Every structure is written in C-alpha cells, then in structure tokens.
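These notes concern the structure reproduced below.
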Amino acid sequence: MKHIGILCAGDTELAPFLEHMKGQQITEKAMLKFHTGTINHVNVSAVYSGVCKVNAAIAAQLLIDMFHVDLIINAGTAGGMKEGVQLFDTVISERVIYHDVADDILTDFHPWLKSNFFLADQELCAIARAYSRTSKHPVLFGTMVTGEQFIEDGEKREEINQKFDPLSTDMETAGVAHVCYVNRIPFLAVRTITDTVTHQGIETFDQNCEAASEISAEIVLGILGQLD
C-alpha cells in the first residue's frame, strides 16, 4: 500500500485532513509536527510546513527521509492569477515554476533542468482529472507559480501573467516540486483559490482561507480514494 505525504503551508489548511485521520501518531522534527495515521484506509503522513519555499522544502525532504512516502501532495490555498479564475476554484498542477528565480539558475546549474518548469506526475494528474469529473467543486488544470510574495501589485501581477500565464500563485508549491524532482518522488499540488484579481488582499485571503482549505482537502481525499 502506498504511503502518501500531505504537505500544507498552514495549520488551517492541514486541519481538515486531521479530522479524518485515524490511529494518529505525532513525530516532531526540525520544529515541525508530522501526523501519521490512516485516512480512508490509506497510509498518510501529514504536516504543515509554515509559509515560504524553504519551510516547505524542509518539510518535504523530511517526509521523504523519515517517513519514506511514495508521493507528496501539496494541498491548501492559492491566489488566482489568470482572468476567469474565480474564488473557490481549485487549481491542480500540471507544471510549476518559480516566478522569482533567474531563468538560467536551474537549467545551467544543479539540478540541470531541461526547462525551468517542474512537471507534476502524469499518473497523479490522470487520476485527478478522472476525479474532477465527479467533483461538485470547479477544478482547473494548468500552471502554478511560486515566489516569496503575496501578489497584490497590479504591475507585478501583469508581469508574471505575461511571462508564465499561470492559473494561481503561492509561496510553497515549486519548493515542494523541486524536492520531489531531485528525489524522484511523484508530486501533485491541489490549491483552492482564496483571492483573485477582482477580490484582492490579505483580508480576502483571511476571510476565505478556512472554506478554501476544506475544499482543497475534500478534493485531495477524493483523489486518494482513486489510488490503487
């Protein structure tokens, strides 16, 4: 049976998973709490990493090294970027890229990528697509961007949109995808939208975070239910 790693940025995003976890055990390492148990008969280790790429990367590597997870799903919330992305839409990653890393850093130097994009696992994407056809919530598939910035500035938003054409933005996903890539671990991100170009700001995120987290968790649990 596969052992699934679930990584969220914040405690609000993690909470819905813990409500479903049975036989929960907690392991503490590097100032993080890892919750291990079963969710719908699936072995799961889940953690909230804290915000930003480095925190997410630390948690992802520990999930791999300490808990020997077979794949990692990055769950939680994100900001909508592309016109047409609505509040509480859920974006599932086809590919992920840093919007704040120079274009040649990851291609000319370690890990010598063919492009700057980290691709989500094709099998997980196919399972997610199959589940999405039965989901009561809108699900979109496409590009996510990651950077150490909450995007409110219109000029910055336009710059990122023109360069990457992303559906969503957050501060962790590419960091998790990066760790999974170098460890050859399948990866998928499932992020539900809390704020958009027409509903912007930290206050909007705060208002919508709990509801968006519940939706993201529901979709992730639905995907887990499709795994062999």
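Keep in mind the model is a prediction, meaning the values are calculated, not measured. Every heavy atom of this structure was used, including side-chain atoms; hydrogens, water molecules and symmetry mates were not. For reference, positions follow the sequence shown, starting with 1.
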Do the side chains of [Y] and [X] get nearer than 4.5 Å, heavy atoms only?
X	Y	result
V69	I64	yes
K82	L140	no
T194	T204	no
F117	I97	yes
L188	I223	yes
Q149	H99	yes
N116	T107	yes
I4	L227	yes

For atom [atom1] of [X], is the number of surrounding heavy atoms from other residues, nucleotides or ligands below 6.0 Å larger than 12?
X	atom1	result
Y48	OH	no
E19	CD	yes
E210	CD	no

Identify the heavy atoms of [X] and [Y] that sit nearest to each other, and give their distance.
X	Y	answer
H3	H68	CB-O, 4.4 Å
Q200	V197	NE2-O, 2.7 Å
G5	L63	CA-CD1, 4.3 Å
D195	G201	CB-O, 4.4 Å
F88	A211	CE2-CB, 3.8 Å
M21	A46	CE-CB, 4.2 Å

Cluster check [X], [Y]: I/L/V/M/F/W/Y, side chain < 4.5 angstrom:
X	Y	result
V182	I185	no
L7	F187	yes
V42	L221	yes
I73	V139	yes
F118	F164	no

* **Qualifying residue for side chain to side chain contact (heavy atoms under 4.5 Å, CB included) with T146, from D100, D170, V176** => D170
Could you give the distance from [atom1] ([X]) to [atom2] ([Y]), rounded to the nearest 0.5 Å?
X	Y	atom1	atom2	result
N40	H20	CG	NE2	6.5 Å
D103	S115	CG	OG	11.0 Å
S168	M81	OG	CE	9.0 Å
S49	D11	OG	CG	11.0 Å
N74	I92	CG	CD1	12.0 Å
L124	I72	CG	CD1	11.5 Å

* Could you walk me through whether E203 and Q207 pass the side chain to side chain donor-acceptor pair (under 3.5 Å) test, one step at a time? => CA-CA 6 Å; E203 289 184 359; Q207 290 169 2; 5.0 Å; no
* To do: Would you sort out whether I160 and T169 count as a side chain to side chain contact (heavy atoms under 4.5 Å, CB included), showing the intermediate values?
  => CA-CA 10 Å; I160 293 171; T169 182; 5.6 Å; no
Give a yes or no on whether the backbone of [Y] and the side-chain of [X] come within a donor-acceptor separation of less than 3.5 Å.
X	Y	value
S93	R95	no
S216	G76	yes
T196	H199	yes
H110	L106	no

Are side-chain N/O atoms of [X] and [Y] paired as donor and acceptor at under 3.5 Å?
X	Y	value
E13	T77	yes
H35	S45	no
N43	T38	no

* What do the steps show when you test T173 against R191 for side chain to side chain donor-acceptor pair (under 3.5 Å), and what is the final call? -> CA-CA 9 Å; T173 299; R191 296 274 195 152; 3.3 Å; yes
* Between F205 and F150, what is the ring plane arrangement, given parallel below 30°, perpendicular above 60°, and tilted in between? -> perpendicular
* Given T36 and Q24, is the side chain to side chain contact (heavy atoms under 4.5 Å, CB included) satisfied, shown in steps? -> CA-CA 5 Å; T36 298; Q24 185 180 151; over 6 Å; no
* Could you give me the CA-CA distance, side-chain angles and deciding distance for I193 and Q86, then say whether side chain to side chain contact (heavy atoms under 4.5 Å, CB included) is met? => CA-CA 7 Å; I193 300 301; Q86 303 295 317; over 6 Å; no
* **Charged tip of R129 within 45° of F141 ring normal and under 6.0 Å** => yes
* To do: With side chain to side chain donor-acceptor pair (under 3.5 Å) as the test, would you mind laying out the steps for T192 and T90 before giving the verdict?
  => CA-CA 4 Å; T192 301; T90 296; 2.8 Å; yes
* Could you walk me through whether N161 and E83 pass the side chain to side chain donor-acceptor pair (under 3.5 Å) test, one step at a time? => CA-CA 10 Å; N161 282 344; E83 290 283 352; over 6 Å; no
* Asked: Which is it for V51 and E172 under the side chain to side chain contact (heavy atoms under 4.5 Å, CB included) test, yes or no, and what are the steps along the way?
  -> CA-CA 7 Å; V51 173; E172 299 83 28; 3.4 Å; yes
